[in-house]
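Data first, discussion second: the structure below is written as structure tokens.
In this text, all values refer to a predicted model and were calculated from it rather than measured experimentally.
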Amino acid sequence: MDQASDHVDLLVIGGGINGTGIARDAAGRGLSVMLCEQGDLAEATSSSSTKLIHGGLRYLEQYEFRLVREALAERERLLRLAPHIIWPLRFVLPHDEGLRPAWLLRLGLFLYDHLSRLRVLPGSESLRLRESAFGAPLQARLTRGFAYSDCWVEDSRLVVLNARDAADRGAEVRTRTRVEAARRSEDGTVWDVRLRDLSTGVTGSVRARAIVNAAGPWVAAILGQTLGLDRRATLRLVKGSHIVVRRLYAGEQAYILQQPDRRIIFAIPYERDFTLIGTTDVAYDGAPGPVTISPEETAYLCACINRSFERQIGPEDVVSSYSGVRPLYDDAAADASTVTRDYVLDLADADGAAPVLSVFGGKITTYRRLAEHALEKLRPYYPGLRPAWTGAAPLPGGDMAGADFEAFLARFAARHPFMPPDTARRLARAYGTRAERIVAEARGIADLGERFEADLTAAEIAYLRREEWARTAEDILWRRTKLGLRTSAEGLARLERHLALAEAAA
């Protein structure tokens with residue numbers, strides 16, 4: 001039985017960072033918005049990144065100065081707007097003889113320091129690695145290096161918070177909902193869209209004045225199959241994989257390691273007890289669905305670490321891994337690692353017909369500017385559209401005084417002295433000021449309900465189901481949190497039973 005038809009100003013297809021960012025921006029400008037995601041929010045590419053908000057130091061070699069400048073400005077801005085899920089990170093770049101010369105690295109860092117007019121992070125510096133704690137984990141042959149600043153981001157949480165803010169501003173967010181087909185009406189002024197709830201099988205329809213196709217790796221399939229448009233999709237798919245190992249070194253610094261194939265690999269502190277290593281760049285021509293790391297990629301990443309670190313690792317040391325397919329704009333680059341990370345917005349509106357805007361490429365750092373540019377492209381179709389606004393609006397949970405996370409954490413912990421320090425920090429990091437909605441009136445840990453492994457509680461689960469569209473254990477353990485790294489098979493089964501009972505009682 002079909003659900004009643006709805007009318008919206010804008011239908012967004014895709015619940016990754018670009019889709020949720022555009023939905024948020026549009027809702028805040030007064031448009032009625034529906035966002036449809038066939039899986040969970042951030043289930044594909046947007047949760048498979050290296051989890052950095054950065055200018056992209058290596059993009060300077062490809063003369064992508066506009067992209068780097070925009071990304072550096074966004075880095076500073078997002079740090080202020082989401083200080084709970086974004087924080088500064090110091091990177092160590094060893095100079096490796098026979099690879100890029102030291103003068104070139106120094107020049108690149110000088111440009112990196114000065115391309116952004118907004119700068120709150122420390123600039124770069126030269127290092128004598130044998131005299132610095134930063135050099136302690138590295139092989140003795142590496143004697144010179146540099147340090148510079150970028151930022152870490154909880155990538156899947158960034159997506160969820162954009163969706164949450166969009167919904168708070170009136171957008172309808174439908175996860176596990178597929179756009180099965182869309183065609184322009186007879187007069188060409190609107191899109192008639194057929195939807196299917198993949199959880200229930202129930203179908204529905206919506207009429208939209210415009211569509212944004214932000215389906216990531218599926219963007220070409222949406223254009224040709226779902227929307228029925230004969231339009232050349234200049235898309236190039238690149239697979240990127242990461243591995244997680246037990247912590248390789250002391251300290252909170254990250255490392256950016258040059259490789260003989262001219263690629264760079266990051267080693268980054270991860271979830272307190274681990275190190276994240278990545279990424280690969282492999283040309284990909286398979287289906288854009290779920291992908292996994294190959295043995296060759298695992299061996300490559302281990303070899304990259306073993307070239308520079310004293311501690312050696314192998315495939316047996318990998319405790320977790322993830323892979324994603326990046327939908328890059330095809331600029332005809334010969335090597336997958338040099339394909340542009342810039343974005344292209346393609347507007348199809350022949351003869352004034354209802355438009356569809358397709359998003360190609362992009363990087364997580366510039367998602368907010370991409371959304372602004374998308375709304376500017378669509379402005380002619382929405383007379384009276386409100387101006388851009390997201391540049392000064394904190395994301396949910398980021399509204400803390402002075403964007404000072406440590407001061408907020410101290411106040412949060414003082415208000416809830418019963419909470420173990422590690423738990424207080426984790427909740428404050430994940431939810432910011434909205435952590436209070438989880439703790440509510442609790443006076444002790446027992447008031448947060450049933451306790452699961454890795455300090456997960458029934459109160460947090462209820463919040464994630466109610467506020468953040470979490471439905472499955474995977475949603476909770478790997479995208480809303482990273483507690484899957486600390487959850488056993490028995491703990492997973494227990495959580496799944498809890499969720500099944502909660503769903504049945506809903």
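Considering F266, F91, Y249 in turn, Y249 is the only one that fulfils the ring pair (Phe, Tyr, Trp, His ring centres under 6.0 Å) rule with Y255. The side chain to side chain contact (heavy atoms under 4.5 Å, CB included) test with V244 is passed by exactly one of V318, D317, L276, I277: L276. A salt bridge (charged side-chain N to carboxylate O under 4.0 Å, His left out) with D150 is found for one member of R58, R90, R75 and no other, namely R75. Of the options D6, D197, D40, a salt bridge (charged side-chain N to carboxylate O under 4.0 Å, His left out) to R174 is made by D6 and by none of the others.
Although no hydrogens or angles enter the test, the distance criterion places no donor-acceptor pair under 3.5 Å between the side chain of R246 and the main chain of F274. Checking side-chain atoms of R178 against main-chain N and O of E180 turns up no donor-acceptor pair under 3.5 Å. Under a 3.5 Å cut-off, the side chain of S323 and the backbone N or O of I293 do form a donor-acceptor pair. Under the 3.5 Å distance criterion, the side-chain polar atoms of H84 are left unmatched by any main-chain donor or acceptor of A403. T177 places no side-chain N or O within donor-acceptor distance of the main-chain N or O of R196, the cut-off being under 3.5 Å. In terms of modelled atom types and a separation under 3.5 Å, the side chain of D165 and the main chain of L161 share no donor-acceptor contact. Between the Y112 side chain and the G56 main chain, a donor and an acceptor come within less than 3.5 Å of each other. A donor-acceptor pair is defined here as one N or O able to donate and one able to accept, closer than 3.5 Å; such a pair exists between the side chain of T275 and the backbone of L248. Side chain of D475 to backbone of T472: a donor-acceptor contact under 3.5 angstrom is found. Using modelled atom types, one side-chain atom of S149 and one backbone atom of P122 make a donor-acceptor pair closer than 3.5 Å.
To the nearest 0.5 Å, atoms CZ (R471) and CD (E503) are separated by 5.5 Å. Separating the OG atom in S156 from the NZ atom in K482 is a distance of 3.5 Å, to the nearest 0.5 Å. Note that CG of L89 is 13.5 Å distant from NZ of K51, once rounded to the nearest 0.5 Å. A distance of 5.5 Å separates CG in L357 from CG in L347, rounded to the nearest 0.5 Å. One distance of note links CD1 of I364 with CG of N18; it measures 9.0 Å at 0.5 Å rounding. The structure places CD of E496 at 7.5 Å from CG of L499, a figure rounded to the nearest 0.5 Å.
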Do R379 and D25 pass the salt bridge (charged side-chain N to carboxylate O under 4.0 Å, His left out) test, and can you show the C-alpha distance, the side-chain angles, and the key distance before you say yes or no? CA-CA 12 Å; R379 179 179 288 279; D25 194 335; over 6 Å; no
Report the C-alpha distance between R80 and E76 in whole Å, list the side-chain angles of each, state the deciding distance to 0.1 Å, and finish with yes or no for salt bridge (charged side-chain N to carboxylate O under 4.0 Å, His left out). CA-CA 7 Å; R80 296 194 304 272; E76 310 289 332; 5.9 Å; no
Please determine whether side chain to side chain contact (heavy atoms under 4.5 Å, CB included) holds for the pair L483 and I476, giving the CA-CA distance in whole Å, both sets of side-chain angles, and the decisive distance to 0.1 Å. CA-CA 8 Å; L483 297 180; I476 291 171; 6.0 Å; no
Run the numbers on S49 and D155 for side-chain hydrogen bond (donor to acceptor under 3.5 Å, both in side chains), then give the verdict. CA-CA 7 Å; S49 76; D155 54 2; 2.7 Å; yes
Given salt bridge (charged side-chain N to carboxylate O under 4.0 Å, His left out), test R415 with E441 step by step and report yes or no. CA-CA 11 Å; R415 284 193 297 273; E441 302 302 318; over 6 Å; no
Is there a side-chain hydrogen bond (donor to acceptor under 3.5 Å, both in side chains) between N162 and T20? Walk through the geometry before answering. CA-CA 6 Å; N162 273 274; T20 56; 4.9 Å; no
Determine, step by step, whether R486 and E453 satisfy the side chain to side chain contact (heavy atoms under 4.5 Å, CB included) criterion, reporting the C-alpha distance in whole Å, the side-chain angles of both residues, the deciding distance to 0.1 Å, and the verdict. CA-CA 7 Å; R486 308 175 192 279; E453 291 182 355; over 6 Å; no
Given salt bridge (charged side-chain N to carboxylate O under 4.0 Å, His left out), test E37 with R479 step by step and report yes or no. CA-CA 15 Å; E37 161 56 47; R479 285 184 287 276; over 6 Å; no
Criterion side chain to side chain contact (heavy atoms under 4.5 Å, CB included) on W218 and Q38, from CA distance to verdict: CA-CA 11 Å; W218 290 269; Q38 66 178 348; 3.6 Å; yes
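In summary, the side chains of D399 and T433 do present a donor paired with an acceptor at a separation below 3.5 Å, with no hydrogens or angles considered. With 3.5 Å as the limit, one finds a donor-acceptor pair spanning the side chains of S488 and E490. Using modelled atom types and a 3.5 Å distance limit, the side chains of T457 and R451 yield no donor-acceptor pair. Side-chain contact check for S358 and D346: no donor-acceptor pair (N or O, by modelled atom type) lies under 3.5 Å. Side-chain atoms of T50 and H242 form a donor-acceptor pair, as typed in the model, at a separation below 3.5 Å. Donor-acceptor pairing under 3.5 Å is lacking for the side chains of T481 and R157. Using modelled atom types, one finds a donor on one side chain and an acceptor on the other under 3.5 Å when comparing E460 with Y431.
Side-chain contact between T45 and P327 is present, with at least one heavy-atom pair separated by less than 4.5 Å. Considering only heavy atoms from C-beta on, D404 comes within 4.5 Å of E406 through its side chain. Between V325 and V238, every side-chain heavy-atom pair lies at or beyond the 4.5 Å cut-off. Counting heavy atoms from C-beta outward, D9 and Y382 have side chains that approach closer than 4.5 Å. Under the 4.5 Å side-chain criterion, counting only non-hydrogen atoms from C-beta, L11 is not in contact with V212.
Between T280 and S241 the shortest heavy-atom distance is OG1-N, 2.9 Å. Between L378 and P355 the shortest heavy-atom distance is CD2-CG, 4.2 Å. In this structure, R176 and S199 approach most closely via the heavy-atom pair CD-OG, 3.7 Å. Looking at every heavy atom in both residues, P288 comes nearest to P217 through CB-CB, 3.4 Å. Y59 and L67 make their closest contact through CD1-CD2, 4.1 Å (heavy atoms, listed as atom of the first residue, atom of the second, distance). Here the shortest heavy-atom pairing between L35 and A23 reads CD1-CB, 3.8 Å.
A cation-pi arrangement, defined by a distance under 6.0 Å to the six-membered ring centre and an angle within 45 degrees of its axis, is absent between K377 and Y343. For the pair R429 and W87, the cation-pi test (distance below 6.0 Å, angle within 45°) is passed. Remark: R494 qualifies as a cation-pi partner of F452 under the 6.0 Å distance and 45° angle criteria applied to the six-membered ring.
Taking the six-membered ring where the residue is Trp, F418 and H416 present perpendicular rings, their angle passing 60° and hence far from 30°.
By the 4.0 Å N-to-carboxylate-O rule, R247 lies close enough to E252 to be salt-bridged with it. In summary, R426 and E154 do not engage in a salt bridge, as defined by a charged side-chain N under 4.0 Å from a carboxylate O.
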